[in-house]
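None of the values given here were measured: they were computed from a predicted structure. Residue numbers begin at 1 in each chain, while the letters A, B, ... track the order of the sequences.
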Protein chains: 2
Amino acid sequence: MVRGIEGRKARILKAIIEDYILTAMPVGSRTISRKYETNLSSATIRNEMSDLEELGYLAQPHVSAGRVPSHKAYRLYVDDLLGASFPEDGSAREYFSRQVRQMEDVITCAAHALSEITRYTAVVMMPKQLDLRISCLQLVPMPRGNALLVIVTDTGAIQDTVIRVSEALDGDALYAISRMLTERLAGRTLKEVQQMLGAYSRQGGADARVLQGIAALAAQMERQNATDTLTVGGAHNILNYPEYSDVEKARAFLSVLEGREKLMDLLSRSQSPFTVLIGPETGIDEMRDCSVVTASYQVGAGHRGAIGVIGPTRMPYMKVLSALSAVGNTLTEMLGETIL
Amino acid sequence: MVRGIEGRKARILKAIIEDYILTAMPVGSRTISRKYETNLSSATIRNEMSDLEELGYLAQPHVSAGRVPSHKAYRLYVDDLLGASFPEDGSAREYFSRQVRQMEDVITCAAHALSEITRYTAVVMMPKQLDLRISCLQLVPMPRGNALLVIVTDTGAIQDTVIRVSEALDGDALYAISRMLTERLAGRTLKEVQQMLGAYSRQGGADARVLQGIAALAAQMERQNATDTLTVGGAHNILNYPEYSDVEKARAFLSVLEGREKLMDLLSRSQSPFTVLIGPETGIDEMRDCSVVTASYQVGAGHRGAIGVIGPTRMPYMKVLSALSAVGNTLTEMLGETIL
DNA sequence: GTTAGCACTCGACGGTCGAGAGTGCTAACA
DNA sequence: TGTTAGCACTCTCGACCGTCGAGTGCTAAC
């Protein structure tokens with residue numbers, strides 16, 4: 001324990017917190033005396049607990065119940081943990097074995113991995129990327145007068161869509177068009193492309209469809225990249241914990257997850273390397289019994305994304321930090337490989 | 001009501017079912033007398049209800065509670081509905097406005113639409129496609145020595161992945177390779193491609209990476225298409241209904257949704273145009289208080305997929321059928337356009 | 001065939017009571 | 001001065017009980 005509390009008191013507080021994390025039940029003096037501080041009697045523990053309560057670290061649901069750690073106690077406990085080092089969860093990488101297509105897939109994969117490792121709700125945020133520039137543009141022939149329009153940006157982001165083209169165009173013709181388009185559009189930002197093509201396609205003509213398709217795809221791509229993307233995994237893991245055995249509370253919690261704004265806000269407050277928000281610190285009423293543990297990860301040059309775990313305040317922070325650390329590193333690695 | 005029950009009894013039973021659907025509370029004789037059959041006294045209704053109970057259409061939770069429809073009653077009610085015509089939900093199309101990339105996106109979109117319209121859990125199944133043949137194969141240049149490998153099949157399915165290539169290869173070179181590969185591989189099944197390339201890539205050499213990439217992508221594509229794909233939307237809508245106000249039940253329900261096998265089974269029993277499985281008919285214990293309403297939709301030539309809604313037995317079947325009908329048709333249309 | 005009336009049943013609700021858990025306080029002890 | 005045993009006290013929880021009200025089934029009259 002960092003400060004404010006010395007040796008024995010600190011040990012007792014820690015024991016109470018850890019027992020409460022395991023059992024979710026108010027911890028009595030006798031439990032501590034038997035399981036943790038076997039050389040002290042329950043009466044002694046009681047005196048210490050009484051002190052700790054006065055200091056604001058413990059609370060009693062009612063007079064004849066045991067003690068429950070306060071948010072202040074968790075704060076102390078977590079700050080202590082964050083100062084120490086913790087092992088990286090070795091099993092994390094296994095969860096990434098599935099097919100990974102591009103950024104979005106990696107993100108989704110990470111969210112699932114994190115929620116499966118921790119058994120809590122996981123959130124992964126991908127930072128927005130502004131002013132993407134087109135690096136390449138290609139039409140791939142498809143059956144029956146369709147073509148797949150693929151746009152690749154300088155950052156390696158990919159977006160594609162199926163458009164209709166004249167049936168007369170074969171692969172070579174489509175490639176010729178692709179080449180010409182790439183020549184004219186490479187290096188332009190998505191916004192510029194939209195403006196340029198807006199003018200063209202209003203003229204109508206044979207290949208207006210292609211140009212319209214490009215403009216639409218560019219617009220969509222920009223829209224998608226201008227906002228931070230957020231993925232949630234294991235949303236209903238929360239039902240596994242007695243804190244949310246009340247359906248109303250669980251529903252409220254899940255609603256917050258659905259309306260992404262508040263989550264965004266939480267993750268954007270993530271600082272490097274780890275941030276822990278406990279209960280009321282989240283600023284979200286439906287999460288007053290939750291903690292949010294976040295870590296940031298590196299995406300290419302300078303961009304930072306964030307990953308986080310949301311669970312009851314009474315969560316095994318050590319394990320969660322290990323998992324976050326592992327998933328965050330894996331993420332940085334994978335995104336470095338495929339994208340940067 | 002189709003058979004077994006004549007005029008007034010049928011009307012009363014219908015009234016009971018519809019009231020129960022609205023309120024989720026046992027329906028008393030007085031309620032029916034006042035709200036539905038105002039020209040009959042509650043005593044008369046009581047007599048009829050007593051008959052209906054003897055016939056197995058109603059049940060009493062306890063002697064002084066009202067009556068609750070049995071599964072047999074729902075069966076009758078639903079069979080009656082299925083015989084009639086119902087309006088198509090006009091608002092369905094609005095939900096499809098988002099970006100739609102290819103089959104998977106359409107499926108996801110449909111699941112969300114369906115769950116938002118009905119406020120229940122929606123499932124959408126895409127049928128497996130065996131023996132896909134390659135129609136085109138193309139490498140799109142990406143920054144920093146990467147390329148996007150795109151495979152298009154004759155059915156219009158698309159799969160892509162990022163692979164590393166020699167930095168010396170520019171767009172034209174990649175197109176030349178693409179052309180050659182397409183020439184050699186077009187018309188082959190994914191399995192054949194894997195076999196052919198397995199041999200090549202073992203030889204090593206400069207472009208072994210490309211061939212390996214193709215083989216891997218083909219393998220993945222086949223894996224993905226060989227199994228039916230399933231998407232679930234609005235899973236936790238179930239929490240909105242008093243039938244699942246017990247967290248344990250809700251959890252069990254959500255677990256069934258996660259382990260997809262049982263869902264697959266349910267959807268594969270879907271017959272054209274609509275199928276309704278009531279409570280125990282689902283064969284899933286965790287869903288004994290649920291009904292599953294499914295519809296099938298057309299995917300291209302001959303293939304049929306299925307969409308479904310899962311909610312409490314006491315659901316407004318009429319509305320659900322309307323929604324299914326609308327989403328199913330939209331789906332057929334969209335897949336017809338872009339894929340077929 | 002329908003209805004009013006009435007006795008009856010059963011769950012929901014609120015109150016009471018005893019058991020058990022855990023506390024705080026006090027006094028004795030090292 | 002710190003630790004501990006002992007004890008009275010408080011509070012929750014489950015069991016039990018009586019009341020209330022909803023809804024039924026039955027009977028007799030229309």
Rounded off to whole Å, could you give me the OH-to-C1' distance for the Tyr20(B) and dG23(D) pair?
16 Å
Check the distance between dT23(C)'s C1' and Asp51(A)'s CG and give it to me in whole angstrom.
14 Å
Take the protein atom CD of Glu54(A) and the nucleotide atom P of dG24(C), then report the distance between them rounded to whole Å.
11 Å
As a test of reading the structure: which of dG11(C), dT3(C), dG24(C) is closest to the side chain of Gln60(A), going by heavy atoms?
dG24(C)
Just so I know, are the side chains of Phe274(B) and Ser325(B) near enough to count as touching, which here means a heavy-atom distance under 4.5 Å?
yes
Of the listed nucleotides (dT10(D), dT23(C), dG21(D)), which one gets closest to any side-chain atom of Val63(A)?
dT10(D)
Presence of Arg34(B) side-chain N/O under 4.0 Å of dG23(D) phosphate oxygens OP1/OP2:
no
Specify the separation, in whole Å, of atom CG of Leu58(B) and atom C1' of dG25(D).
15 Å
Side-chain N or O of Ser29(A) versus OP1/OP2 of dT23(C): is the shortest distance under 4.0 Å?
yes
Any side-chain N or O of Arg8(A) under 4.0 Å from OP1/OP2 of dT3(D)?
yes
Paired with dA27(C) by Watson-Crick or G-U wobble geometry, both distances under 3.5 Å: which nucleotide is it?
dT4(D)
Is there a donor in the side chain of Ser29(B) and an acceptor in the side chain of Ser42(B), or the other way round, less than 3.5 Å apart?
no
If I take atom CG in residue Asn47(B) and atom C1' in nucleotide dG25(D), what distance separates them, rounded to the nearest angstrom?
9 Å
Complementary nucleotide for dG20(C) - Watson-Crick or wobble, under 3.5 Å
dC11(D)
Side-chain donor/acceptor of Arg260(A) to backbone N/O of Leu230(A), under 3.5 Å:
yes
Euclidean distance, atom CD of residue Glu48(B) to atom C1' of dG23(D) [Å, nearest integer]
17 Å
If only atom types and distance count, is the side chain of Thr294(B) paired as donor or acceptor with the main-chain N or O of Ile307(B) below 3.5 Å?
no
For Met25(B) and dG11(C), give me the distance from atom CE to atom P, rounded to whole Å.
15 Å
Can you tell which of dC11(D), dA5(D), dT24(D) lies closest to the side chain of Met49(B)?
dT24(D)
Find which nucleotide of DNA chain C each of Ser42(B) and Pro61(B) is nearest to by heavy atoms, and output the residue with the more 5' nucleotide.
Ser42(B)
Nucleotide nearest Ser41(A) when distance is taken to its side chain, options dA5(D), dT12(D), dT24(D):
dA5(D)
Taking the nucleotide of DNA chain C with the closest heavy atom to each, which residue, Leu40(B) or His62(B), is nearer the 5' end?
Leu40(B)
Val276(B) and Arg75(B), any side-chain heavy atoms less than 4.5 Å apart:
yes
Between the base of dG24(C) and the side chain of Arg46(A), is one N or O donor paired with an acceptor at under 3.5 angstrom?
yes
Going by atom types alone, do Tyr317(A) and Ser291(A) pair a side-chain donor with an acceptor below 3.5 Å?
yes
Does the structure show a Watson-Crick or G-U wobble partner for dG14(C), both distances under 3.5 Å? Name it, or say none.
dC17(D)
Between dC25(C) atom P and Glu53(A) atom CD, what is the distance in whole Å?
11 Å
Do the side-chain N or O atoms of Thr44(B) get closer than 4.0 angstrom to the phosphate oxygens (OP1, OP2) of dT3(C)?
yes
